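Heads up, the thing below is written out as structure tokens.
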Amino acid sequence: ARSSASASLLWLRRDLRLDDNPALAAAAAHGAACLLPVYVLDVKELAPRRSREEGGLGVPRLGPHRCRLLLEALSDLKLRLRALGSDLHFEMGLPEVVLPRLAEQLLSDADEGVSHVSLFFNQGVSPEAAAQEADVRAAVASVAARPPLQGGDRGVPDAPAAARCPVDAIWFWDSTLYHPADL
């Protein structure tokens, strides 16, 4: 078992590419014992933007054509990652629930001895993306405030409060040709 190893989670959303991906480059350069690329299909994408009762069309955010394109892109990304000796972890759910759970699983894996998890992602530009990122950062911060678990999810703390496992979120601007700081 390694002592004080770190792990990196790479949260992929609309940035399904290996080339020119600042979050991927930073996660790979981070020097962690493991790097887990993750795509979470947000179940909110399958719900209508606004229902007919709210004056909307009742059309889901992720329609059938966009869904097919997304699945093809994810399949291609998975193949490209496998060719590099990695893989893509895919889950359906809420990112603010799935990502902290994955961080907790990495921290509770006694065989790896992970004591720190970093979550890397590229920022979105929409108000919805910013709100989701804030929710994910808050949820990840709450993992850092809990003691590590012993034996998976039994909920038995195995370290004093002073030895809690940190989890942090590191994000990058990747949505325009110019970085906002350069304007």
Side-chain angles (χ1 to χ4, degrees), residues 1-43 45-46 62 66-125 129 132-133 135-137 139-141 143-144 146 148-153 158 164-177 179:
R2 294 185 195 115
S3 62
S4 69
S6 65
S8 295
L9 285 173
L10 174 63
W11 179 26
L12 297 163
R13 297 184 295 170
R14 290 179 169 43
D15 45 2
L16 302 177
R17 63 189 193 284
L18 298 180
D19 302 323
D20 188 32
N21 186 326
L24 172 59
H30 191 60
C34 68
L35 168 59
L36 178 62
V38 178
Y39 184 87
V40 181
L41 179 56
D42 190 340
V43 293
E45 292 285 316
L46 303 174
L62 185 62
R66 187 169 157 231
C67 184
R68 180 177 177 184
L69 178 67
L70 173 64
L71 293 174
E72 289 173 358
L74 288 169
S75 176
D76 180 65
L77 180 62
K78 187 174 187 73
L79 290 173
R80 293 182 69 202
L81 284 167
R82 282 182 173 174
L84 296 172
S86 186
D87 208 343
L88 178 65
H89 181 80
F90 176 88
E91 284 198 36
M92 281 185 67
L94 298 172
E96 57 270 24
V97 174
V98 172
L99 295 168
R101 181 178 45 75
L102 290 173
E104 284 180 330
Q105 287 176 347
L106 288 169
L107 290 168
S108 68
D109 186 356
D111 293 337
E112 292 298 320
V114 173
S115 63
H116 182 88
V117 175
S118 295
L119 171 66
F120 293 85
F121 63 92
N122 292 316
Q123 285 182 297
V125 294
Q132 183 181 59
E133 291 160 7
D135 291 345
V136 167
R137 286 193 302 269
V140 165
V143 171
R146 292 191 292 260
L149 299 179
Q150 172 185 328
D153 60 354
D158 76 354
R164 293 187 176 161
C165 298
V167 180
D168 60 358
I170 304 165
W171 57 93
F172 299 86
W173 183 257
D174 182 43
S175 298
T176 57
L177 292 176
H179 192 283

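One is the number of the first residue; the rest follow in order along the sequence. Just so you know, these numbers come straight off a predicted model, no measurement behind them.
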Notebook entry, point to check: Asp87 and Leu81: side-chain contact (heavy atoms from CB on, under 4.5 Å), yes or no, with the steps?
Noted result: CA-CA 5 Å; Asp87 208 343; Leu81 284 167; 5.6 Å; no
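- Evaluation of the side chain to side chain donor-acceptor pair (under 3.5 Å) rule for Gln123 yields no partner, not counting sequence neighbours.
- Within the model, atoms CG of Leu74 and CG of Leu41 stand 8.0 Å from one another, a figure rounded to the nearest 0.5 Å.
- Taking CG of Leu99 as the start and CG of Asp135 as the end, the distance is 11.5 Å to the nearest 0.5 Å.
- With values rounded to the nearest 0.5 angstrom, Ser75 atom OG is found 11.5 Å from Leu16 atom CG.
- Every side chain to side chain donor-acceptor pair (under 3.5 Å) that Arg101 has, sequence neighbours left out, goes to Glu91.
- Taking the side chain as every heavy atom from C-beta outward, Tyr39 and Leu70 approach each other to under 4.5 Å.
- Qualifying side chain to side chain contact (heavy atoms under 4.5 Å, CB included) partners for Asp76, counting only residues two or more places apart in sequence or in other chains: Arg80.
- The CG atom of Leu107 sits 11.0 Å away from the CG atom of Leu102 when rounded to the nearest 0.5 Å.
- Under the side chain to side chain donor-acceptor pair (under 3.5 Å) criterion, Arg14 pairs with no residue at all, not counting sequence neighbours.
- Contact annotation: the side chain of Phe121 approaches that of Glu133 to within less than 4.5 Å [non-hydrogen atoms, C-beta and beyond].
- We find the CG-CG distance between Leu106 and Leu119 to be 11.0 Å, quoted to the nearest 0.5 Å.
- Taking both residues in full, the closest heavy atoms of Gln132 and Pro95 are given as NE2-CG, 3.3 Å, listed atom of the first, atom of the second, then distance.
- Distance check: Lys78 NZ to His89 NE2 gives 9.5 Å after rounding to the nearest 0.5 Å.
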All N/O donor-acceptor pairs, side-chain side in residues 17-35, below 3.5 Å, sequence neighbours left out:
from: Arg17; atom 1: NE; to: Asp19; atom 2: O; distance (Å): 3.3
from: Arg17; atom 1: NE; to: Asp20; atom 2: O; distance (Å): 3.1
from: Arg17; atom 1: NH1; to: Asp174; atom 2: OD2; distance (Å): 3.4
from: Arg17; atom 1: NH2; to: Asp20; atom 2: O; distance (Å): 2.6
from: Arg17; atom 1: NH2; to: Asp174; atom 2: OD1; distance (Å): 2.9
from: Arg17; atom 1: NH2; to: Asp174; atom 2: OD2; distance (Å): 2.7
from: Asn21; atom 1: OD1; to: Ala23; atom 2: N; distance (Å): 3.2
from: Asn21; atom 1: OD1; to: Leu24; atom 2: N; distance (Å): 3.3
from: Asn21; atom 1: OD1; to: Asn122; atom 2: ND2; distance (Å): 2.8
from: Asn21; atom 1: ND2; to: Asp15; atom 2: O; distance (Å): 3.2
from: Asn21; atom 1: ND2; to: Arg17; atom 2: O; distance (Å): 3.1
from: His30; atom 1: NE2; to: Ser118; atom 2: OG; distance (Å): 3.3

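- Closest of all the heavy-atom pairs between Ala103 and Leu9 is N-CD1, 3.9 Å.
- In terms of heavy-atom proximity, Gly93 sits nearest to Val98 at CA-CG2, 4.2 Å.
- Residue pairs satisfying the salt bridge (charged side-chain N to carboxylate O under 4.0 Å, His left out) criterion with at least one member in residues 22-38, sequence neighbours excluded, are absent.
- Residues Asp42 and Leu94 meet the side-chain proximity criterion, which asks for heavy atoms closer than 4.5 Å.
- Contact of the Val167 side chain with the His116 side chain is not registered, since no non-hydrogen atoms from C-beta on lie closer than 4.5 Å.
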